[in-house]
Amino acid sequence: SEMEAKDTLPLPGGIIVKDFRTSEMKDRSSKINNHRDGRIRLIQWNIERGYKLKEIIEELQKLDGDIISIQEIDIGCHRSKCEDVGIQMAAALKMNYFFVCEFEEIHSPLRDLLSQGGGVHGNGILTKFDMDCRVLEHLHHPYDWERDGHLLKEPRKGRRYTAVADVHTPFGDVTVYCCHLELFCGILDRVCIISDILHDAAQSSGRSQALLGDLNTLAHGIARFSPKYCKDVLRWRSIGYTEPEWLEDHIFSFHLEDGPKNTKLDGYGLSDDVLRRSRNPGFYDPFDPVDDFTLENYKGWYRGKLDWMLLNNIKVHKKFLGNHDYSASDHKWMVADVTLETGCNSKTIQLKRPFRWRPLHIT
């Protein structure tokens, strides 16, 4: 019954771990000589609740990823046919699966059919390899969903968490962070949330790490006219930048060794703790912050690179985007074929960024 099903759902912060690999697949995935010329395929994708689950699974089967980071996984929600979207994907792909629940999506007359709840919602990591899983708690929660969710016609309980998996590949371990950052806030709120992940990664920054997520970096362009999406001083002070460019300039270009606090964030009213934690242990994103947009709205009047593939001690050999017609989800997917290489990080990789005009007064 629906009531019994509800009792078995994880609560916010709870996890599901399930391995759909056969013993033969497990054995094969642990051997170096059977694996793609020593390369690992990473995939990042927000699947829009799994509305188009059949198309999503077909796309992922074609892409044949080794480590897949997925946002917006529904379990038991009416809007996605009450499916367990993550389990269906992992079973079809025969992969090792880790899910972290963020929200209980309350069934409510406030919701329309496309947003109707009744289940839970979160993010997950799928891989061909063994992994050890944990949940990263965030210190900063800019939107109180339990109190204010009804104002957005999305009553829900819970908050944002980051899924973390130490994935044991035949070429060494890689720590994967899968996250979906808050949308209804501002750039500075997202800085605080990102600082938690950077601080966690800094504890073991000598290892290979991949932060694959939908960071909801949309506070630019026509979004500036909405106080719903741009809630801080950077609504106008970041003019000349897209939000991904601003984050590259103000967080990811300030390294752990550059000082005890991130001085590029001075003057924005952030706490000393956030300034200390907002130092990059080595992450770089091989995709362009403007041209490699992953979402567009209003007939192309708005475009943004909301999705990121931030890599540390990892070398990229090939990268590409797909789902350009948005037929399987409202986000494009990102793929990178990589090798684990110590020293391949934001200090040593020269990213080719085209010159873009900046107003002088706001750097």
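Using a 3.5 Å distance cut-off with no hydrogens or angles, the side chains of Gln71 and Asp214 do not pair a donor with an acceptor. Under the 3.5 Å distance criterion, with hydrogens and angles disregarded, a donor-acceptor pair is assigned to the side chains of Thr175 and Arg207. For the residue pair Ser346/His255, the side-chain donor-acceptor check at 3.5 Å is satisfied. Side-chain contact check for Asp132 and His168: at least one donor-acceptor pair (N or O, by modelled atom type) lies under 3.5 Å. With hydrogens and angles left out, the side-chain atoms of Asn323 and His331 include no donor and acceptor closer than 3.5 Å. No donor-acceptor contact under 3.5 angstrom links the side chains of Arg303 and Thr242, judged on distance only. For Lys153 and Ser115, the side-chain atoms include no donor-acceptor pair closer than 3.5 Å. Side chains of Ser271 and Asp273: a donor-acceptor N/O pair is absent below 3.5 angstrom, by distance only. Between the side chains of Thr22 and Glu24, no donor N or O sits under 3.5 Å from an acceptor N or O.
Note on Val174: it clusters hydrophobically with Ile349, by side-chain heavy-atom contacts below 4.5 Å among ILVMFWY residues. Cluster membership check: Val85 shares its hydrophobic cluster with Ile43, using side-chain heavy-atom separations under 4.5 Å among Ile, Leu, Val, Met, Phe, Trp and Tyr. Using a 4.5 Å cut-off between side-chain heavy atoms of Ile, Leu, Val, Met, Phe, Trp and Tyr, with links allowed through other members, Val290 and Phe320 fall into different hydrophobic clusters. By the rule that hydrophobic residues join a cluster once side-chain heavy atoms approach within less than 4.5 Å of another member, Ile106 and Ile73 end up as members of separate clusters. By the criterion of side-chain heavy atoms lying less than 4.5 angstrom apart, applied directly or through intervening Ile, Leu, Val, Met, Phe, Trp or Tyr residues, Val135 is grouped together with Met131 in one hydrophobic cluster.
Using the six-membered ring where Trp is involved, His138 and His141 have ring planes that are perpendicular, over 60° apart on the 30 and 60° scheme.
With contacts defined as side-chain heavy-atom distances shorter than 4.5 Å, the pair Trp333/Ile68 does not qualify. Looking only at side-chain heavy atoms (C-beta outward), Leu265 and Val191 come within less than 4.5 Å of each other. Using a 4.5 Å cut-off on side-chain heavy atoms (C-beta onward), Arg111 and Pro155 make contact. Residues Lys52 and Glu59 have side chains not in contact (no heavy-atom distance under 4.5 Å, counting atoms from C-beta outward). When side chains are defined from C-beta on, Tyr97 does not count as touching Met89, because their heavy atoms never get closer than 4.5 Å. Between Pro10 and Ile15, the closest side-chain pair of non-hydrogen atoms is not below 4.5 Å. Side-chain contact between Lys261 and Arg276 is present, with at least one heavy-atom pair separated by less than 4.5 Å. Inter-residue side-chain proximity for Tyr241 and His250 is flagged as met; some heavy-atom pair is nearer than 4.5 Å.
Residues Lys305 and Glu245 are not paired through a salt bridge, judged by the lack of any N-O separation under 4.0 Å between the basic side chain and the carboxylate. Ion pairing of Arg134 with Asp200 is present here, as a side-chain N (NZ or NE/NH1/NH2) and a carboxylate O approach within less than 4.0 Å. Contact check on Asp74 versus Arg79 returns a salt bridge, with a Lys/Arg side-chain nitrogen under 4.0 Å from an Asp/Glu carboxylate oxygen. Of the charged side-chain nitrogens involved, at least one lies within less than 4.0 Å of a carboxylate oxygen, so that Arg156 and Glu105 count as a salt-bridged pair. Remark: Glu248 does not engage Arg356 in a salt bridge, criterion side-chain N to carboxylate O under 4.0 Å. The residues Asp196 and Arg160 are annotated as not salt-bridged, no charged nitrogen and carboxylate oxygen being separated by less than 4.0 angstrom. The pair Asp64-Lys128 meets the salt-bridge criterion, since a charged nitrogen lies less than 4.0 angstrom from a carboxylate oxygen. Using a 4.0 Å cut-off between charged nitrogen and carboxylate oxygen, Asp19 and Lys26 count as a salt-bridge pair. Salt-bridge check for Lys54 with Glu58: passed, with a basic side-chain N closer than 4.0 Å to an acidic carboxylate O.
Atom CG in Leu247 sits 6.0 Å away from atom CZ in Phe252 (nearest 0.5 Å). In this structure, Trp145 CH2 and Leu152 CG are separated by 5.0 Å, a value rounded to the nearest 0.5 Å. Expressed to the nearest 0.5 Å, how far CD of Glu83 lies from CZ of Arg49 amounts to 16.0 Å. One distance of note links CG of Leu183 with OH of Tyr143; it measures 10.0 Å at 0.5 Å rounding. To the nearest 0.5 Å, atoms CG (Asp130) and OG1 (Thr169) are separated by 10.5 Å. Between the CZ atom of Arg277 and the CG atom of Asn262 there is a distance of 13.5 Å, given to the nearest 0.5 Å.
The aromatic ring centroids of Tyr268 and Trp246 lie less than 6.0 Å from each other. Aromatic rings from Phe103 and His180 are positioned such that their centres are separated by 6.0 Å or more.
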* To do: Walk me through it: do Lys319 and Asp288 pass the test salt bridge (Lys or Arg N to Asp or Glu O under 4.0 Å)?
  => CA-CA 11 Å; Lys319 62 181 169 57; Asp288 187 87; over 6 Å; no

* To do: Please step through side-chain contact (heavy atoms from CB on, under 4.5 Å) for the pair Leu310 and Tyr284, ending with a clear verdict.
  => CA-CA 5 Å; Leu310 287 152; Tyr284 71 97; 5.8 Å; no

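The two residues Asn96 and Phe129 have their closest heavy-atom pair at ND2-O, 3.0 Å. Heavy-atom minimum distance, Ser208 versus Ile314: CB-CG1, 3.9 Å. Closest of all the heavy-atom pairs between Leu188 and Asp232 is N-OD2, 2.9 Å. Of all heavy-atom pairs spanning Thr217 and Arg190, the tightest one is CA-NE, 4.2 Å. Of all heavy-atom pairs spanning Cys179 and Ile197, the tightest one is SG-CD1, 3.9 Å. Summarising the geometry of Ser29 relative to Arg21, their closest heavy-atom pair is OG-NH1, 3.7 Å, with the distance given to 0.1 Å.
Between the side chain of Arg279 and the main chain of Leu256, a donor-acceptor pair closer than 3.5 Å is present. At distances below 3.5 Å, not a single donor-acceptor pair connects side-chain atoms of Gln209 with backbone N or O atoms of Gly282. When atom types are taken as modelled, the side chain of Asp285 and the backbone of Met309 share a donor-acceptor pair closer than 3.5 angstrom. Looking at Thr294, its side chain does come within 3.5 Å of a backbone N or O of Asp307 through a donor-acceptor pair. Looking at Asp66, its side chain does come within 3.5 Å of a backbone N or O of Arg41 through a donor-acceptor pair. No donor-acceptor pair closer than 3.5 Å links the side chain of Ser278 to the backbone N or O of Leu275. Between the side chain of Asp189 and the backbone N or O of Phe184, no donor-acceptor pair lies under 3.5 Å. Panel note: side chain Asn123, backbone Ser69; no donor-acceptor pair is recorded below 3.5 Å. Side-chain atoms of Asn280 come within 3.5 Å of backbone atoms of Phe283 as a donor-acceptor pair (strictly under, hydrogens ignored). The backbone N or O of Asp330 lies less than 3.5 Å from a partner atom in the side chain of Glu48, making a donor-acceptor pair.
For Glu257, the CD atom sits in a packed shell: over 12 heavy atoms of surrounding residues, nucleotides or ligands are nearer than 6.0 Å. Within a 6.0 Å sphere centred on NZ of Lys347, heavy atoms belonging to other residues, nucleotides or ligands number more than 12.
Because its NZ or CZ atom is both nearer than 6.0 Å to the ring centre of Phe293 and within 45° of the ring axis, Lys332 counts as a cation-pi partner of that residue.
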